[in-house]
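Step one of this worksheet: look at the structure below.
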Amino acid sequence: MRILVLPGDGIGPEITAATLEVLHGVSARFGLDLELIEDVVGHASLARHGATVREELLSKAADSAGIILGPTATFEFKDAARGEINPSMYFRKRLDLFANIRPSRTYPNLPSPIGDFDLVIARENTEGFYADRNMAEGNAEILVTPEVAISLRRITRAASDRIARAAFELAMTRRKRVTIVHKANVLKVTDGLFIDSCQRIAADYPDVTVDAELIDAMVAHIVRKPSRFDVILTTNMYGDILSDLTAELAGSLGLGASVNHGIDHGMAQASHGSAPDIAGKDIANPFSLILSTGLLLGWLGLKHASTPLMAAAKAIDIAVEGAVAEGETTRDIGGTFGTADVGRRLARRISATVPA
Ligand code: NAD
């Protein structure tokens, strides 16, 4: 099974190296026989190939069972004509990775000021406020005059239906509760369509309790009582913003994990950015990308009905929980270890303590 590894910018190479330690560890432990191939995106690709991502890489990604994408310096990529393309958008759009699944939970020994919680954000990934993926051609952000700019938001029934189904399927494996998050008091037509799609899909899942919250109130509800929530189903931008909040409430953005998937392809990706403020210092928390890789293995395990892949995914979760409990972490969550050391120790923990 081939996995394409793309380290990215800023802290990307550091957290990817730690992730690879762990991936080699679980591959050996569970006999996964993974073939890891590395390539470049972001600034490294711009320097080497004249573009932050390239068509050839898309074929490599499509031919791989899964992708691990490190964070990239997307804010610096302004001009697609000069090869400055957002790699995250590129893979999500071109491989139709419509679901972005972002779990957040608290850990024993890492107390949260707002109490324990365990929730998952199911975020639509291919349209919404993201103008760079809304059009068949061109970009949905338009400079009408030098002083007037417009950004178009696309919401479709098809995209809403499929993220809703992914969210309800997920809820069936958890506490069977879905909260739809929207802003239909203002965006009556677009978010109205999103809610209508979600409620129609909900009819297929009578065992799941469904409620809905406005995005602004939702922020308060999460901070007030996050344990209320199980699966949060929402559009692209709201999901992006809420998931930074939930990761940080769990302890750190460095715990923000996610998997992007469609029908055929899956991509592990931390939910944070390239963190230039801490890049190159060996202090970035690699758990975000390591846990994302665990989610990818779990998704592949379900897709291929593979017990070893499922066991590897679980082993990563258990090992991270153990590392947090014993303080083998980076300093953002109270530890004293460097990024590389945390990866090495986690790989050892998996080989030594997790039953196969
Ligand atoms: P960021 O998410 O990179 O960082 C926000 C804060 O969280 C910073 O203080 C950072 O040090 C901290 N942080 C992030 N990841 C951490 C980790 N693993 N361990 C410990 N601390 C961590 O947001 P930003 O600074 O606004 O963005 C930096 C760049 O990343 C920008 O170019 C932005 O466009 C890009 N970005 C990329 C992605 C992506 O590739 N998926 C996502 C978001 C932002």
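Numbering of residues begins at 1 and proceeds along the displayed sequence. Note that ligands are numbered from 1 as they come in the structure, with each ligand's atoms numbered from 1 the same way.
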**Study point:** atom 26 (O) of ligand 1 protein-contacted, heavy-atom criterion under 4.0 angstrom
**Key:** no
Review point. Should you measure from each heavy atom of A73, which atoms of ligand 1 turn up under 4.0 Å away?
Key: 32 (O)
Review point. Would you say P276 has any N or O atom under 3.5 Å from an N or O of ligand 1, going by distance alone?
Key: no
Practice item. Would you mind checking which non-hydrogen protein atom is closest to atom 41 (N) of ligand 1, with the distance to 0.1 Å? Key: Q269 NE2, 3.3 Å
Point to revise | Numbered atoms of ligand 1 (with element) below 4.0 Å of G254, judged on heavy atoms | key: 17 (C), 18 (N), 19 (N)
Review point. Could any protein non-hydrogen atom be found less than 4.0 Å from atom 32 (O) of ligand 1?
Key: yes
Review point. Got an N/O contact under 3.5 Å between D277 and ligand 1?
Key: yes
Practice item. Report the member of P87, S88, A275 with the shortest heavy-atom distance to atom 4 (O) of ligand 1. Key: A275
Exercise for review: May I ask you to decide if the ring planes of H43 and F77 are parallel, tilted or perpendicular, using 30° and 60° as cut-offs?
Suggested key: perpendicular
Check your understanding: Applying salt bridge (Lys or Arg N to Asp or Glu O under 4.0 Å), which residue pairs with at least one partner in residues 103-116 are found, sequence neighbours left out?
Key -> R105-E321
Practice item. Give yes or no for whether the N/O distance cutoff of 3.5 Å, strictly under, is met between N285 and ligand 1. Key: yes
Practice item. Could you tell me the residue and atom name of the protein heavy atom closest to atom 30 (O) of ligand 1, and the distance to it rounded to 0.1 Å? Key: S274 N, 3.0 Å
Check your understanding: Does the side chain of T126 pick up a donor-acceptor pair with the side chain of E124 at under 3.5 Å?
Key -> yes
Practice item. Pick, from I333, I278, D244, the option with the minimum heavy-atom distance to atom 21 (N) of ligand 1. Key: I278
Check your understanding: Is there at least one pair of N or O atoms, one from T74 and one from ligand 1, spaced under 3.5 Å apart?
Key -> yes
Review point. Is it true that D230 and K176 have a side-chain N and a carboxylate O under 4.0 angstrom from each other?
Key: no
Review point. N/O to N/O below 3.5 Å, does that happen between G273 and ligand 1?
Key: yes
**Study point:** Distance-only side-chain donor-acceptor flag, E56 / H49, under 3.5 Å
**Key:** no
Review point. Are F98 and H265 near enough that their ring centres are under 6.0 Å apart?
Key: no
Practice item. Decide side chain to side chain contact (heavy atoms under 4.5 Å, CB included) for M310 and H304; before the verdict, give the C-alpha distance in whole Å, the side-chain angles of both, and the deciding distance to 0.1 Å. Key: CA-CA 10 Å; M310 300 295 287; H304 297 286; over 6 Å; no
**Study point:** NZ/NE/NH1/NH2 to OD/OE distance under 4.0 Å, R200 and D161
**Key:** no
Check your understanding: For atom 6 (C) of ligand 1, which candidate among N86, L253, T72 holds the nearest heavy atom?
Key -> L253
Validation: residues 137-151 side-chain donor-acceptor distances under 3.5 Å, sequence neighbours left out:
| residue | atom | partner | partner atom | Å |
| --- | --- | --- | --- | --- |
| N139 | OD1 | E141 | N | 2.9 |
| T145 | OG1 | E147 | N | 3.1 |
| T145 | OG1 | V148 | N | 3.2 |

Review point. Between I283 and ligand 1, which part of the residue brings a heavy atom under 4.0 Å of the ligand: side chain, backbone, both or neither?
Key: neither
Review point. Which atoms form the tightest heavy-atom contact between V53 and P87, and what is the distance?
Key: CG1-CB, 3.6 Å
